[in-house]
Amino acid sequence: EVEQLVGRSIGKEEVLQGKGEEDRWFVAARWQREQDRLITSGSWMHGEKSGRWALVLRFAVLPSRPVEPWPLGSVVETEMVFYPGVVPDRALPRNEGAAARMDRVVPGPGGGFGLFLDSYAACLAANPWRSRRPFLVAAQATRHEGQPVLVDRSGSALPWTPTGGGEDLLVSIGAGRPITMCGEWNGRTATIHAADDAGSWFSLHSPAG
């Protein structure tokens, strides 16, 4: 991580020489960010058998947009090869042309916020430069003392920052019960990228980002 942070680039060919992780990968979240006309598209993919997270990044220069072969909410059977690191999560798919299936089966939540925060603390201790971590948790969007919070089935809660109409949408879909959602935690607040609506996985982002 330190070498990469100071500018040492690792080519795709070098990464793909390594051994990967074969799995059924669920496209759980997708976000886009723009900086100096460079569009970065990130997809968090969750391994069904391994439970691992893989972050696949694609890039394009405006006015072009990154081409994403696999829709949000789809499942892809492929091998992910991870960039080296103490907590490896960025990955390259071995087969970009692997077929995606819309199974309409949302994976079960990976535990509550307590378990996630334990994992987050361990990852942060190993690599303090990677503070953003994904989670897949069943939670209810509500408010505590006027602030938006997410509360899991055990009563553990995280603060979160809604974007656009995301808060109203999650409250409406949840109808007072926890629903499975995928987001990122940065140590201070959560961002929700996607959530389950009766087996249909939907994005909380606008089409542009």
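All of these numbers come straight from a predicted model, not from anything done at the bench. Sequential numbering from 1 along the given sequence is applied to the chain's residues.
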Under a 4.5 Å cut-off applied to non-hydrogen side-chain atoms, are [X] and [Y] in contact?
{"X": "L136", "Y": "W53", "result": "yes"}
{"X": "P93", "Y": "V56", "result": "yes"}
{"X": "I39", "Y": "F59", "result": "no"}
{"X": "L117", "Y": "W185", "result": "yes"}
{"X": "M181", "Y": "L170", "result": "yes"}
{"X": "K12", "Y": "V81", "result": "no"}

[X] (side chain) donor-acceptor with [Y] (main chain) under 3.5 angstrom:
{"X": "N127", "Y": "W129", "result": "yes"}
{"X": "Y120", "Y": "G187", "result": "yes"}
{"X": "W70", "Y": "A98", "result": "yes"}
{"X": "S74", "Y": "P71", "result": "yes"}
{"X": "E79", "Y": "G20", "result": "yes"}
{"X": "R37", "Y": "L62", "result": "yes"}
{"X": "D196", "Y": "I179", "result": "no"}
{"X": "R101", "Y": "V76", "result": "no"}

So, for [X] and [Y], which heavy atoms are closest and what is the spacing to 0.1 Å?
{"X": "V87", "Y": "A126", "value": "CG2-CB, 3.7 Å"}
{"X": "R94", "Y": "G18", "value": "NH2-O, 2.9 Å"}
{"X": "G51", "Y": "H46", "value": "O-NE2, 3.6 Å"}
{"X": "P134", "Y": "F116", "value": "O-CE1, 3.2 Å"}
{"X": "W160", "Y": "A141", "value": "CZ2-CB, 4.2 Å"}
{"X": "G114", "Y": "D152", "value": "N-OD2, 4.3 Å"}

- Item | R33, E68, R58, R65 screened by side chain to side chain donor-acceptor pair (under 3.5 Å) with S41, the one that passes |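 Checked R33, E68, R58, R65 against S41; only one passes side chain to side chain donor-acceptor pair (under 3.5 Å): E68.
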- Could you walk me through whether T78 and N95 pass the side-chain hydrogen bond (donor to acceptor under 3.5 Å, both in side chains) check? CA-CA 6 Å; T78 189; N95 180 12; 5.3 Å; no
Roughly how far apart are [X] [atom1] and [Y] [atom2], rounded to 0.5 Å?
{"X": "R177", "Y": "Q140", "atom1": "CZ", "atom2": "CD", "answer": "10.0 Å"}
{"X": "S200", "Y": "I173", "atom1": "OG", "atom2": "CD1", "answer": "9.0 Å"}
{"X": "I192", "Y": "L204", "atom1": "CD1", "atom2": "CG", "answer": "7.5 Å"}
{"X": "L72", "Y": "C182", "atom1": "CG", "atom2": "SG", "answer": "8.5 Å"}
{"X": "R188", "Y": "L158", "atom1": "CZ", "atom2": "CG", "answer": "13.5 Å"}
{"X": "L150", "Y": "S156", "atom1": "CG", "atom2": "OG", "answer": "12.0 Å"}

- Go through H193 and R30 one step at a time and tell me if the side chain to side chain contact (heavy atoms under 4.5 Å, CB included) criterion holds. CA-CA 7 Å; H193 295 302; R30 177 163 293 142; over 6 Å; no
- For E184 and W44, does a side-chain donor sit closer than 3.5 Å to a side-chain acceptor?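 E184 vs W44: donor-acceptor pair found between side chains.
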- Does the side chain of S131 pick up a donor-acceptor pair with the side chain of N186 at under 3.5 Å?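 Checked: S131/N186 side chains show no N/O donor-acceptor pair below 3.5 Å.
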- hydrophobic_cluster_shared for V171 and F202, side chain cutoff 4.5 Å: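 No, it is not one cluster - the side chains of F202 and V171 are not joined through contacts under 4.5 Å.
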- Quick one: do L169 and V151 end up in the same hydrophobic cluster if we chain Ile, Leu, Val, Met, Phe, Trp and Tyr together by side-chain heavy atoms under 4.5 Å apart?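 Different clusters: L169 never reaches V151 through Ile, Leu, Val, Met, Phe, Trp or Tyr contacts under 4.5 Å.
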- F26 vs W201 aromatic rings, parallel, tilted or perpendicular, using cut-offs 30° and 60°?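 Rings of F26 and W201: perpendicular, as their planes differ by over 60°.
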- May I ask you to decide whether R52 forms a salt bridge with D89, counting only side-chain N to carboxylate O separations under 4.0 Å?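 D89 and R52: not salt-bridged.
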- Message: Would you say the rings of F113 and F135 are close, in the sense that their centroids are separated by under 6.0 Å?
- Response: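 Yes; F113 has its ring centre under 6.0 Å from that of F135.
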- Message: Taking the cut-offs as 6.0 angstrom to the six-membered ring centre and 45 degrees off its axis, would you call R90 and Y83 a cation-pi pair?
- Response: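 Positive - R90 is close enough to the ring of Y83 and near enough to its axis.
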- Derivation of the side chain to side chain contact (heavy atoms under 4.5 Å, CB included) call for V149 and T142: CA-CA 6 Å; V149 293; T142 183; 3.7 Å; yes
